[in-house]
Amino acid sequence: ASATRDRLRIAIQKSGRLAEPARALLSACGLSWRESRDKLFCYGESLPVDLLLVRDDDIPGLIADGVCDFGVVGRNELDEQAGERARIGLPPAYRELRALGFGACRLMLAIPESWDWQGPAQLQGLRIATSYPAILANWLQAQGVDASVVELSGSVEIAPKLGTADLICDLVSSGATLAANQLKPVETLLQSEAVLAGPVREFDDSRAGLAAMLLRRMDGVLKVKD
Ligand code: ATP
Ligand code: ZN
């Protein structure tokens, strides 16, 4: 239920892995901004396209609530929050419009180095620590495995050492963090990268033309990149 507006609003991460590449991509699309003093809001100068600088976790909700029209966010975060919505019976409120080619990582199961991996059936009855409970629960269900999901908001990789879980399900890029905690990756649940997320429904005001132009320019930039 977003109100009629004549400017587009894009949410990006304020600081962190996706912040700089997201701004660089939007700049390459010809956008420029005049930053507010607190730098939470950047007013679009070249086009009526403003930025909201937020925590990545907040981006799906901002789109769902119609506060922002688009967002640049990891597929992991988008899918997790879509999964949570689905579990409580809410309809889809955003969708992935484009894969952006940066922020690549995988959501993986990792087990203690000393274990032998024989496949998902081995997980029966075990405790798995993760910050992605919805994605993990869906995957376990698809595998027909009954395991308990221990939700942790950070430092997931130390859970086995602390005894709060038997293994973990976490984002992996180089694998260095896993190795440092004597864990080894065994299954990929999700291949992730930064994506452009947008609303499920088409705009019915002047944002429609702006959105189409932005997507066209982005396609041009993404094509040149690969
Ligand atoms: P925020 O303060 O915005 O909540 P954060 O700590 O949750 O920041 P970052 O660590 O900057 O977020 O990660 C943002 C996104 O970068 C992740 O959701 C994921 O899509 C991607 N990413 C790429 N590689 C990794 C990695 N090795 N570990 C974690 N995230 C990664
Ligand atoms: Zn976050």
Side-chain angles (χ1 to χ4, degrees), residues 9-26 35-36 38-42 50-65 67-68 70-85 93-111 128-139 149-161 165 167-198 218 222 225-226:
R9 233 180 252 165
I10 307 178
I12 66 171
Q13 198 185 19
K14 179 172 164 59
S15 59
R17 290 183 160 91
L18 308 181
E20 277 317 308
R23 276 183 92 114
L25 170 64
L26 295 171
E35 280 177 18
S36 72
D38 62 4
K39 292 194 179 174
L40 295 177
F41 185 84
C42 304
D50 306 324
L51 295 186
L52 209 61
L53 308 188
V54 298
R55 291 199 55 190
D56 65 343
D57 319 54
D58 294 336
I59 294 176
L62 288 166
I63 301 172
D65 294 342
V67 176
C68 288
F70 293 111
V72 175
V73 62
R75 180 179 294 135
N76 48 292
E77 198 59 51
L78 199 69
D79 285 9
E80 174 63 23
Q81 294 196 29
E84 284 167 21
R85 288 180 62 91
Y94 35 76
R95 62 196 168 107
E96 180 177 325
L97 299 172
R98 298 290 188 277
L100 302 178
F102 57 85
C105 58
R106 290 189 286 174
L107 184 64
M108 301 192 77
L109 279 188
I111 62 175
I128 311 175
T130 190
S131 303
Y132 297 88
I135 296 175
L136 176 57
N138 284 338
W139 184 84
V149 176
V150 179
E151 184 175 356
L152 295 179
S153 55
S155 305
V156 169
E157 65 282 354
I158 63 166
K161 218 175 287 172
L167 68 148
I168 70 168
C169 167
D170 203 6
L171 294 178
V172 180
S173 46
S174 71
T177 307
L178 291 183
N181 288 282
Q182 291 83 49
L183 297 170
K184 61 181 179 189
V186 291
E187 289 272 342
T188 298
L189 278 64
L190 176 72
Q191 202 88 48
S192 185
E193 65 186 286
V195 303
L196 181 75
M218 200 171 279
L222 294 172
K225 274 208 323 203
D226 42 66

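Start at 1 and go down the list; that is how both ligands and their atoms are numbered.
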### Query
How does N76 reach ligand 1, if at all, at less than 4.0 Å between non-hydrogen atoms: by side chain, backbone, both, or neither?
side chain
### Query
Tell me, do V149 and I128 make a side-chain contact under 4.5 Å, heavy atoms counted?
no
### Query
Should R23 and E35 count as an ion pair when the cut-off is N to O under 4.0 Å?
yes
### Task
May I ask you to identify, for L18, whether its side chain, its backbone, both or neither come under 4.0 Å of ligand 1 on a heavy-atom basis?
side chain
### Message
Would A104 count as a contact residue for ligand 1, given that I'm defining contact as a non-hydrogen atom of the residue lying under 4.0 Å from a ligand atom?
### Response
yes
### Query
Of the protein's non-hydrogen atoms, which lies at the shortest distance from atom 1 (P) of ligand 1, and what is that distance?
D56 OD1, 3.4 Å
### Query
Where is the nearest protein heavy atom to atom 2 (O) of ligand 1: which residue, which atom, and how far?
R55 NE, 3.6 Å
### Query
Are E96 and L78 close enough that some pair of their side-chain heavy atoms sits under 4.5 Å apart?
yes
### Query
Looking only at protein heavy atoms, which one is nearest to atom 11 (O) of ligand 1, and how far off is it?
R17 N, 2.8 Å
### Message
Please list all pairs meeting salt bridge (charged side-chain N to carboxylate O under 4.0 Å, His left out) that have one or both residues in residues 50-59, counting only residues at least two apart or in different chains.
### Response
R7-D50, R55-D57
### Query
Based purely on interatomic distance, does D57 place a nitrogen or oxygen under 3.5 Å from a nitrogen or oxygen of ligand 1?
yes
### I59 and L52, any side-chain heavy atoms less than 4.5 Å apart
no
N/O donor-acceptor pairs under 3.5 Å from side chains in residues 174-184, not counting sequence neighbours:
residue, atom, partner, partner atom, Å
S174, OG, A176, N, 3.1
N181, OD1, K161, NZ, 3.4
N181, ND2, T177, O, 2.8
Q182, NE2, A180, O, 3.4
K184, NZ, E113, O, 3.3
K184, NZ, W115, O, 2.6

### Query
Below 4.5 Å, heavy atoms only, C-beta onward: do R85 and Y94 meet side chain to side chain?
yes
### Task
Specify the protein heavy atom at minimum distance from atom 24 (N) of ligand 1: its residue, its atom name, and the distance to 0.1 Å.
C105 CB, 3.5 Å
### Query
In terms of residue, atom name and distance, what is the protein heavy atom nearest to atom 9 (P) of ligand 1?
Q13 NE2, 3.7 Å
## Note on the structure
Near the Zn ion (ligand 2) (protein N/O/S, cut-off 2.8 Å, waters excluded) we have D56 OD1, D57 OD1
### Query
For D170, does its backbone N or O pair with a side-chain atom of T130 as donor and acceptor, under 3.5 Å?
no
### Task
Indicate the atoms forming the closest heavy-atom contact of C169 with V156, along with that distance.
O-CG1, 4.3 Å
### Query
For ligand 1, is there an N or O atom under 3.5 Å from any N or O atom of R75?
no
### Task
Kindly indicate whether the side chain of F70, heavy atoms from C-beta on, has any atom under 4.5 Å from the side chain of L97.
yes
#### Entry: Min side-chain heavy-atom separation V73-Q13 under 4.5 Å
no
### Task
For G16, take its heavy atoms, then give the atoms of ligand 1 lying under 4.0 Å from any of them.
11 (O)
Could you pull out every donor-acceptor pair under 3.5 Å between side chains of residues 186-194 and any protein atom, sequence neighbours left out?
residue, atom, partner, partner atom, Å
E187, OE2, W117, NE1, 3.4
T188, OG1, R106, NH1, 3.4
S192, OG, R75, N, 3.4
S192, OG, N76, N, 3.2
S192, OG, N76, OD1, 2.8
E193, OE1, G101, N, 2.7

### Task
For G74, counting its heavy atoms only, list the atoms of ligand 1 lying under 4.0 Å from any of them.
20 (O)
### Query
Would you say atom 6 (O) of ligand 1 has a protein heavy atom nearer than 4.0 Å?
no
### Summary
All heavy atoms of I63 vs all of G71, minimum pair found to be CD1-N, 3.6 Å
#### Entry: Side chain, backbone, both or neither: S173 near ligand 1, heavy atoms under 4.0 Å
both
### Query
What's the shortest distance from atom 30 (N) of ligand 1 to any protein heavy atom, and which residue and atom give it?
L171 CD1, 3.4 Å
